[in-house]
There are 2 protein chains.
Amino acid sequence: MRNSRADVVAAALRVLEVQGLEGCSMRRVAAELEVQPSALYHHVPNKQTLLALMADEIVGGVGEPACAAAGSVSPGTGADAGSSVEGSSGAGSVAAGSPGADPRRICQALRDAMLAVRDGADVVATASAFRLGASAVENRLAALVGIDGARTLLLYTFGQAQATQTHRQAAAFGALLTGSGPAPAAADRTDVDPEPAAAADAEPEPGIDPALDLDASYARGIDLILAGLGATKAATSPRR
Amino acid sequence: MRNSRADVVAAALRVLEVQGLEGCSMRRVAAELEVQPSALYHHVPNKQTLLALMADEIVGGVGEPACAAAGSVSPGTGADAGSSVEGSSGAGSVAAGSPGADPRRICQALRDAMLAVRDGADVVATASAFRLGASAVENRLAALVGIDGARTLLLYTFGQAQATQTHRQAAAFGALLTGSGPAPAAADRTDVDPEPAAAADAEPEPGIDPALDLDASYARGIDLILAGLGATKAATSPRR
DNA sequence: ACCTGAACACCGTTCAAGT
DNA sequence: ACCTGAACACCGTTCAAGT
C-alpha cells in the first residue's frame, strides 16, 4: 500500500495552504504526492468529495465537548489566526449548564479553525451547506441556544469568515503592490495575479478602509445574535 | 462598435444562469457573443473583474431608497425565488423614520436578488467582501441599525443565501437521481456531475432533511439579530 | 476601437494496462 | 490494491496581426 485516502487529504491541505483554493488542483495534489493525477481517483471519486474531506479536517473537533486548542490540522506555517476575543457585552441570559459550553466559544473556535487555513472559510462553508441539518457544531449549538439560534450563529460565522479571509487576502496583496509594511508571510507566494484590486474598476473610491476591524466586529455580531435570543426567549415569542 | 462592456456582462449573466458558476467560463461567454475568447479582454481586464461587474448587476438597485420590484437583471426563466415573508415575530423597537425603510425588507430584497440568479449568492458574496466598508446596501442598513447591526445582517444574509442555494442545487440534483417529482427547470442540465451527494461519504446519515425550511429560517434569523439590536440599544445591562 | 488566430501553460476525469 | 501513460475535452490569458 503506497498512499491512503488520508495521505491524499493531507497533501491537498498542504497544497491549499501554499497555492490557495484556486491553485489547489488535482494535478498539483498528485504532484505533491509524487504520483500521476489519475492515481488520486483510486482514493477519492472526484474533486468535490476531496474538498468535503478537507473541510472535515479543517473544522476538526470543533463540535466536540472538549475542543480546547484542537489544532489537528496545522499544515505548515500557522499564519495569522490571532484574535481570541474576551470582553463580550451584555445578555448573559443564555448561559447553559456545563462550563466551557459557551456558544461564543464554539463559534469563535469554528471561525479560528477556518481562518487558520488559507481559503478555509470558502472550503468549509461550501461543504457545510450540504450537512445543514446534521453537523456536529450545529447540533451542539442547537442544544445551547435552540435550532434557530444555532443556524443564525453558524451562517453568520460562515459569511463573516469568508469576508474576513477575502479581505485579508486583498490587503496582503495591496501591501505587496505598494511595497509597504513587512512581508505578509514566509511562504513563497509566486501565484499572485498580475492584476490589482479586482473590483476597484470604475469607482474612484479611497480604497480599503483600514479601520474596519473584522475580528472585533465578528464578536459584536455574535453578541448581537445572543442578545436577540435572550430577548425573544424572555418575552413575546412562543418558541419555548 | 460591435460589443460593449455591458454586452459582455449581460452575456456572462446569461451563461451563469444556464451553466452555473462552474461552467461560466470566459470561453463560453465569448461563444455566447459569437466572438473569440481573446475579444473579451478588450472590455474587461480579467475574469475576476467580470464577476464583480456581474455581482453589481445582480444586486442591482437593492441599496436604493425606492427598490420596490427592481428586477433589473432577469436573465431568462426567473426560476424559484419565491418566499416573501410577512409575519416576523417580536421586537419592533428598531423601526426607523421613513416608511418602507425597514431593514427586514432591505435584507429580504438582497437575498431575493441573489437567489433569483443561479449561484448568485456565491458571486455576490465574494465580490462584496472587497467593498465591505463601502457598499450601498451596507450604508443604508447602517443608517437604520448602526454599523455593527448592518454588518451582522449583511454577512448573515450572505452566508444564509449561499447555504440556501447550495442546498437547493443538491435537492434538485437528488430529485433528478431518484426521478421523483417534476423536473426542476426547463433548462437542459447536461453539466450535472455523475456523482451524488458529494460528502455523503462515510456517515450513514438519513440524507438531506426535507423539513429544514431555509426561507422561513432566514426571516427568523433576521428577527433575532434585530431583537438583539433592540436589546443592546435599550440597555447595556443583561436582560432588560 | 474592436476583433481574429494562434499559441502557452494549464485544468478534471476516464480508461486500458501494468505490478 | 495501487499506480502509470495516454488521451479527451476543456481552461484563463497573451500577443501579433488584421479592419
Side-chain angles (χ1 to χ4, degrees), chain A residues 1-12 15-16 18-54 119 122-123 126-127 173 188 190-199 201-202, chain B residues 1-12 15-16 18-54 119 122-123 126-127 173 188-199 201:
Chain A
M1 181 184 31
R2 302 201 236 176
N3 276 314
S4 69
R5 166 178 280 215
D7 293 329
V8 173
V9 176
V15 174
L16 180 70
V18 176
Q19 309 281 356
L21 185 54
E22 191 91 9
C24 189
S25 64
M26 296 298 271
R27 292 176 117 100
R28 279 211 249 243
V29 174
E32 174 76 20
L33 290 170
E34 290 174 306
V35 135
Q36 293 294 324
S38 52
L40 298 182
Y41 293 87
H42 227 270
H43 304 282
V44 124
N46 51 43
K47 190 181 181 179
Q48 195 178 176
T49 301
L50 177 54
L51 284 168
L53 294 169
M54 293 162 72
D119 291 331
D122 276 290
V123 174
T126 303
F173 183 68
D188 39 300
T190 52
D191 60 317
V192 148
D193 287 47
E195 201 67 25
D201 187 71
Chain B
M1 184 184 31
R2 304 201 234 177
N3 275 315
S4 69
R5 166 178 279 215
D7 293 329
V8 173
V9 176
V15 174
L16 180 69
V18 177
Q19 310 279 358
L21 185 54
E22 191 92 9
C24 188
S25 65
M26 295 298 270
R27 292 175 118 99
R28 279 211 249 242
V29 174
E32 173 76 19
L33 290 169
E34 290 173 308
V35 136
Q36 293 293 327
S38 52
L40 298 182
Y41 292 86
H42 226 269
H43 303 283
V44 126
N46 51 43
K47 190 181 182 180
Q48 197 179 173
T49 301
L50 177 54
L51 284 168
L53 294 169
M54 293 161 71
D119 290 332
D122 277 290
V123 174
T126 302
F173 183 69
D188 36 300
R189 312 200 141 271
T190 52
D191 60 318
V192 149
D193 287 47
E195 201 67 26
D201 185 73

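Numbers restart at 1 for each chain; the letters A, B, ... are given by sequence-line order, proteins then strands. Remember, predicted model here, so these are calculated numbers, not experimental data.
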Pairs under 3.5 Å (Watson-Crick or G-U), crossing ones as [ ], inter-strand ones as |: DNA chain C comes out as ||.|||||...|||||.||

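- With A:Arg28 contributing its side chain and A:Gly23 its backbone, the two residues share a donor-acceptor pair below 3.5 Å.
- For A:Asp119 (side chain) and A:Leu21 (main-chain N/O), a donor-acceptor pair under 3.5 Å exists by modelled atom type.
- Proximity of B:Thr126 to B:Leu51: side-chain heavy atoms (C-beta onward) are nowhere separated by under 4.5 Å.
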Expected rows: protein N/O vs nucleotides 10-12 of chain D N/O, under 3.5 Å:
| from | atom 1 | to | atom 2 | distance (Å) |
| --- | --- | --- | --- | --- |
| D:dC11 | OP1 | B:Ser25 | OG | 3.0 |
| D:dG12 | OP1 | B:Met26 | N | 3.1 |
| D:dG12 | OP1 | B:Lys47 | NZ | 3.0 |
| D:dG12 | OP2 | B:Met26 | N | 3.0 |
| D:dG12 | OP2 | B:Arg27 | N | 3.3 |
| D:dG12 | N7 | B:Arg27 | NH1 | 2.5 |
| D:dG12 | O6 | B:Arg27 | NH1 | 2.9 |

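- Rounding to the nearest 0.5 Å places CG of B:Asp122 at 10.5 Å from CD of B:Glu22.
- Shown here for A:Val29 and A:Val15, the closest heavy-atom pair between the two residues is CA-CG2, 4.0 Å.
- Under the 4.5 Å side-chain criterion, counting only non-hydrogen atoms from C-beta, B:Lys47 is not in contact with B:Cys24.
- The same atom, C1', is picked in C:dC10 and in D:dA9; the two are 13 Å apart, to the nearest Å.
- For A:Ala39, the side-chain contact (heavy atoms from CB on, under 4.5 Å) partners two or more places apart in sequence, or in a different chain, are A:Val35.
- Residues meeting the side-chain contact (heavy atoms from CB on, under 4.5 Å) test with A:Arg27, sequence neighbours left out: A:Ser25, A:Pro37.
- Within the structure, salt bridge (Lys or Arg N to Asp or Glu O under 4.0 Å) contacts touching residues 31-45 of chain B (residues at least two apart or in different chains) are B:Arg14-B:Glu32.
- At least one side-chain heavy atom of A:Leu50 sits less than 4.5 Å from a side-chain heavy atom of A:Met26.
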Between the protein and nucleotides 1-4 of chain C, which nitrogen or oxygen pairs come in under 3.5 angstrom?
| from | atom 1 | to | atom 2 | distance (Å) |
| --- | --- | --- | --- | --- |
| C:dC3 | OP1 | B:Asn3 | N | 3.2 |
| C:dC3 | OP1 | B:Asn3 | ND2 | 3.2 |
| C:dC3 | OP2 | B:His43 | NE2 | 2.7 |
| C:dT4 | OP2 | B:Gln36 | N | 2.7 |

